[in-house]
Every structure is written in structure tokens, then in C-alpha cells.
Amino acid sequence: MYSEIVMDHFTNPRNVGEIENADAVGQVGNPKCGDIMKMYFKIEDNVIVDVKFKTFGCGSAIASSSMATEMVKGKTVEEALALSNYEVAKELDGLPPAKMHCSLLAEQAIKSAIFDYAQKHNLYYKELEGFDPDADEDHHDHGEEE
Amino acid sequence: MKVYLDYSATTPVKPEVLDAMLPYLKDYYGNPSSLHSFGRENKKAIDTARDQIAKTFNAKPEEIFFTGGGSESDNWAIKGVAAALKTRGRHIITTNIEHHAVLHACQYLEKEGFEVTYLPVDEDGLISVEDLKNSIRKDTILITIMYANNEIGTLQPIEEIAAIAKENKIIFHTDAVQAYGHIKIDTQQLPVDMISISAHKLYGPKGVGALYLRKGTKIHNLIHGGAQERKKRAGTENIAGIVGFGKAAEMAYENLEEHVQHLTELRDYLLDEILDKIPYTKLNGHREKRLINNVNVSFEFIEGESMLLSLDMVGIAASSGSACTSGSLDPSHVLLSLGLSHEMAHGSLRLTLGDQNTKEEIDYVLEQLPPIVQRLRDMSPLYENIKEGVR
Ligand SMILES: Cc1ncc(COP(=O)(O)O)c(C=O)c1O
């Protein structure tokens, strides 16, 4: 069901944890859907120098958070904002269709953290226009069960 | 080590059952409806299996009808009685926690103009017999309530339910797919009209089941066609499957006491140790009124699929009521009916035991499970407050 890369990131997730006095913290998802992602950034000179995450969720949610943190580490804030969930899923060697929302959640966790950063520092990012960090994540497929 | 703890999903076929089946896949290929010796041999084999199953119910062989599995038996019982009695009434009573084979059959009938009452359950998964009594109407034609729940193992007060149905002259069906093979069901004692059972839950093959149909019960056919099963269920019989089912049922009830003792001991050990070893854990289902092979617990702050993946990596096969394991949005309807929060329903783990399990295997699970739960909790944002003692 899952690719080897997904299983690797699930088994040995990178960047698990918290950052004390983080420059940015974002959380998305809710327990109702079964996924919550929280991300912590340390930002120096507009560069994300450290990232940590905590995730409540299925294997692909944990793997997506792990991969996404790897992908934004060392990037500028603008570069991190440009990261799409498709790129995360691609780096994971694909996700099952019903699990694509996990990669989207990772993308939104990053945006949510940067939103926090922007608010604290009065910064404006075009990519965050209309972004609502408290929007209920509901991108599951309402598929028929078997 | 490989440990299979998903016996409620399905069981392996016992060697004796396979041995009984093989001749009917190899040598005996005649159609049981044929007049010649090839057919007659197979007719006899089906009759033997019917006798074997009838005996376990203390029923007459003419009251046992073979089907294509538990789902078909449930569908037949419900739709068949609805069709036969629709001029008398259009009200059906069931529960919130039935298997989808019952729930979806009822929902289908609702679209066809029937009315269905779904009885709620308490936090242990039990219906209230008072609720049942109060929901009976003049036009109630069928009560369908499962004997044992497949997820949480809770056993309903079947004797009381059957007595109430009989008193009110309402047909009573029970889905006993999970109970059969663990519990003696005596149809001379229990006034039940229809019972659904399935072979693959008691060490028989998949794709074969049966409906016990008390003599005189009014029901229409679900599968129309040839004259098989005394004109009630058409289709050339799955002979090897039926033979295997008969053998599996016979073996289950020959060794019932030993089986019950073995599994009850293992289940209690596993359950008590989990609750003892892992904090923030809740038992799902009733502690005593419970299937002998069912352990179902929710671990706070973590999600079921990631638990199943982790267990699978160390060779342990289990299941969960988390939405992420079913591909649907909501976690199990059964767990939500108990009043569990979505979070707790997502964090459920079902371990169902079988005859092949040993104490050593259970010890292995008890060794592997706590660190898996802890690892996932350490990764969970919901656990942070707990560690800091906020809650
Ligand atoms: C309670 C219950 N009813 C019905 C079924 C369906 O049986 P089958 O798989 O034979 O169609 C199952 C099996 O999952 C079950 O547990």
C-alpha cells in the first residue's frame, strides 16, 4: 500500500519534536478527521534553519510531515511557501489516492507556521492571501466503504 | 515472530476441514441436482453438512439453508421477511451497531418505503430492552439484532430480546456470525426465527454461510432460479465449501468447552495486561458480556492506522476502527455509538484471538505494544499537555 520511502519516513521520521522559543508555530487538522500536524520553525535572516514537527495521524500523515520538514529545512520563507503537496507526495514516491490529503495537510502546516511568523513580524506574503489557519481541514474522499 | 490476532476478520481453514473438502474439489464433481451417481454422491455430502450444522443448533436439518456467506444470510433474512410481510407492516427494529450487511440492507429498505428504528446502545454497547419494548409498534414485522458485535465483542441480551419478540409475535433475526463457534445456540430453548452464520469465522472456508430458518417463518427468496435448497436459495451448490462448513461447525462444537477456556484465559490475560501496562487506555465494549476472543481498546493521543503499521512491522496482525484504515471519513460507527470521541475512536485497536494463539504469542504482543504506543505518543501534539502535566 505504501512506498518504501513512506515506510522509511514513518519508521524513522526526521525532525520529530519541538523547538523552544520557535520563531514560528503552526498547527492544522483536527482529531475528528484523525490528523493533526504541528510544525515549529527557527528562522534566521529569512532562512528556515531548523524545523520540528509533531503529528497525530496515520502512517502517511507522519511520513508527509517528516518529508515536508526535510524539504523546507534550509529554504527561504518564500521557497517554503511555494512548496506544494504534490511535491511532497512525489518525494515520497507517491501516496495512495485516499491519502493525498495527508500531503496537503503538511503543505498547510508549513503555511500555517509562516502565517504565524508573518503576523508576529508584520510581514506580507502574497501566497498567504486568503489563508485561514483555523479552517477545518476536510479534504478526505467521501468514498464508499467496501 | 508472526502473530495473527485478527480472527474476527477471518480464520485459517483447519487441516481436518481442508481434508474433508479436497475430494469435492478433485474427485467428486457431479452436480448434486443430477440423477446419476456422480450427482447423488454430492447430494449426500451436502445433506451430511446440513445435519452437522443442524445438530449444533439443536435444530432440524430442514431448517438450515446454505448461502454464499454471512452477508447474504443477513440480506436474505431482512429483505426476504420485509417482502413477505410488507402488507402486514413496514416497520423494522434493529440497532446502531449492526454489521454493514444488516445496516445497509435496512437502509435500502428505508428507500423502498419501510421504516426502521435503530436502537441506541449504552457506553458498553448494550441495547436497553425497555427501549426495544417501547419501539415496538402494531406494524413492526421484524426485529434484527446481532448476537455478538464484530468490533467490540459485546453480547446482547438475546434471550430477553427473543422472548419480547415472541410475546409480540414479531419475527426475530439475529446475526450470529461472530457468536457462532464460541457460544452454544439452542433453537429449542431460544425462540429465535432466523440466525445468520458464516463458515470463515470458525475455521471454515470463505464464501459459504447459512441461514437457520425456523419452520413456518414467512420469507421470500433473495436468489431466484433453480430448485436448490428446497427452492429457497437457487444456484448450484458450493459443495466443497458446504462440506468444509459442516466439518468446521462440528469440530467447533465438539471442542467448545476447551476452546472457551483457552480463549477466555488468553483474552483476560491480554486485556488486563494492556490496561495495566499502558496508561490513558480505555476498554471498548462490556467487560463481562463479551466474546471470548475479543480485545478492543482505545489509546489516547494516537491514531489506529499508524499503530497497525507499526505492529505489522513486528509481525503482529490486528485491526482498528480508525477512519484511516477504511478509506472513509468517519471512524467506526460502532465506536461512535458508544459515545467515544472521534479521537478515541481513531485510536482504537482490535485484537481478536483464535485457537492457534499461545501464551508465548500474547507475551510477545505485550512486549511489543507498549513501546509502539509510546513512540507514537511522543510524536503526537495531543500528548504534549499530558507530559507537561497540564491535564
Ligand atoms: C457480525 C457480522 N455479520 C456479517 C458478516 C459478513 O459475513 P461474510 O464475510 O461471510 O459475508 C461479518 C463478517 O465480517 C460479521 O462480522
Side-chain angles (χ1 to χ4, degrees), chain A residues 1-2 6-18 20 25-40 52-66 69 95-102 105 109 112 136-146, chain B residues 9 71 99-101 103-104 107 280 298-314 320-336 340-348 371-388:
Chain A
M1 171 169 135
Y2 288 134
V6 171
M7 286 312 288
D8 176 42
H9 277 262
F10 169 69
T11 321
N12 308 297
R14 332 296 197 251
N15 311 311
V16 180
E18 296 154 50
E20 256 183 69
V25 181
Q27 180 171 319
V28 290
N30 65 52
K32 199 159 187 281
C33 301
D35 311 285
I36 299 175
M37 273 181 209
K38 193 168 181 182
M39 283 196 192
Y40 302 80
K52 294 268 190 254
F53 80 91
K54 285 278 182 82
T55 290
F56 161 84
C58 57
S60 56
I62 290 170
S64 296
S65 336
S66 168
T69 54
L95 284 171
K99 300 287 186 180
M100 276 306 283
H101 72 272
C102 293
L105 206 60
S112 168
D136 245 4
E137 192 272 339
D138 189 7
H139 300 278
H140 288 261
D141 289 328
H142 291 245
E144 253 311 283
E145 62 209 288
E146 60 274 34
Chain B
S71 299
H99 189 271
H100 285 134
L103 278 186
H104 290 173
Q107 284 160 9
Y280 305 107
S298 282
F299 300 107
E300 281 190 71
F301 324 117
I302 60 177
E303 187 280 331
E305 193 223 56
S306 48
M307 214 169 357
L308 295 189
L309 284 176
S310 308
L311 287 167
D312 187 46
M313 282 191 289
V314 295
S320 167
S322 168
C324 295
T325 63
S326 70
S328 75
L329 178 65
D330 280 320
S332 135
H333 66 286
V334 176
L335 296 172
L336 294 180
L340 254 64
S341 66
H342 274 71
E343 184 205 324
M344 283 298 266
H346 280 298
S348 75
I372 286 172
V373 170
Q374 193 55 47
R375 182 181 94 92
L376 294 171
R377 281 182 175 170
D378 286 339
M379 257 192 260
S380 168
L382 300 172
Y383 189 57
E384 284 172 14
N385 293 344
I386 299 301
K387 274 198 314 197
E388 286 154 20

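Below, each value reflects all heavy atoms present in this structure, side chains not excepted, and no hydrogens, waters or symmetry copies.
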Would you mind checking which part of B/M307 comes under 4.5 Å of any heavy atom in chain A, side chain (CB onward), backbone (N, CA, C, O), both or neither?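 No part of B/M307 comes within 4.5 Å of chain A.
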Chain A contact via B/R377 - which portion, at a heavy-atom distance below 4.5 Å: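 When you check distances to chain A, no heavy atom of B/R377 falls under 4.5 Å.
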Spatial distance of atom [atom1] ([X]) from atom [atom2] ([Y]) [nearest 0.5 Å]:
X      : Y      : atom1 : atom2 : result
B/E300 : A/F56  : CD    : CZ    : 10.5 Å
B/D378 : A/K54  : CG    : NZ    : 7.0 Å
A/T55  : B/I302 : OG1   : CD1   : 13.5 Å
A/I36  : B/E343 : CD1   : CD    : 7.0 Å

Using non-hydrogen atoms only, which part of A/T11 is less than 4.5 Å away from chain B: side chain, backbone, both, or neither?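 Interface part for A/T11: both.
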Is A/I62 close to chain B through its backbone or its side chain, or both, or neither, when contacts mean heavy atoms under 4.5 Å?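 For A/I62, side-chain heavy atoms alone lie under 4.5 Å from chain B.
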Restricting to non-hydrogen atoms, name the atom on A/G59 and the atom on B/S306 that form the minimum distance, rounded to 0.1 Å.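 Answer, listing the atom of A/G59 first, then B/S306: N-CB, 4.0 Å.
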Shortest non-hydrogen contact from B/E305 toward A/S60: OE1-N, 4.2 Å
Do A/S66 and B/M379 touch side chain to side chain, with heavy atoms closer than 4.5 Å?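 Of all side-chain heavy-atom pairs linking B/M379 with A/S66, none is under 4.5 Å.
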Using the rule given for side-chain contact (heavy atoms from CB on, under 4.5 Å), can you reason through B/S310 versus A/F10, listing the C-alpha separation, both sets of side-chain angles and the distance that settles it, and then say yes or no? CA-CA 9 Å; B/S310 308; A/F10 169 69; 3.3 Å; yes
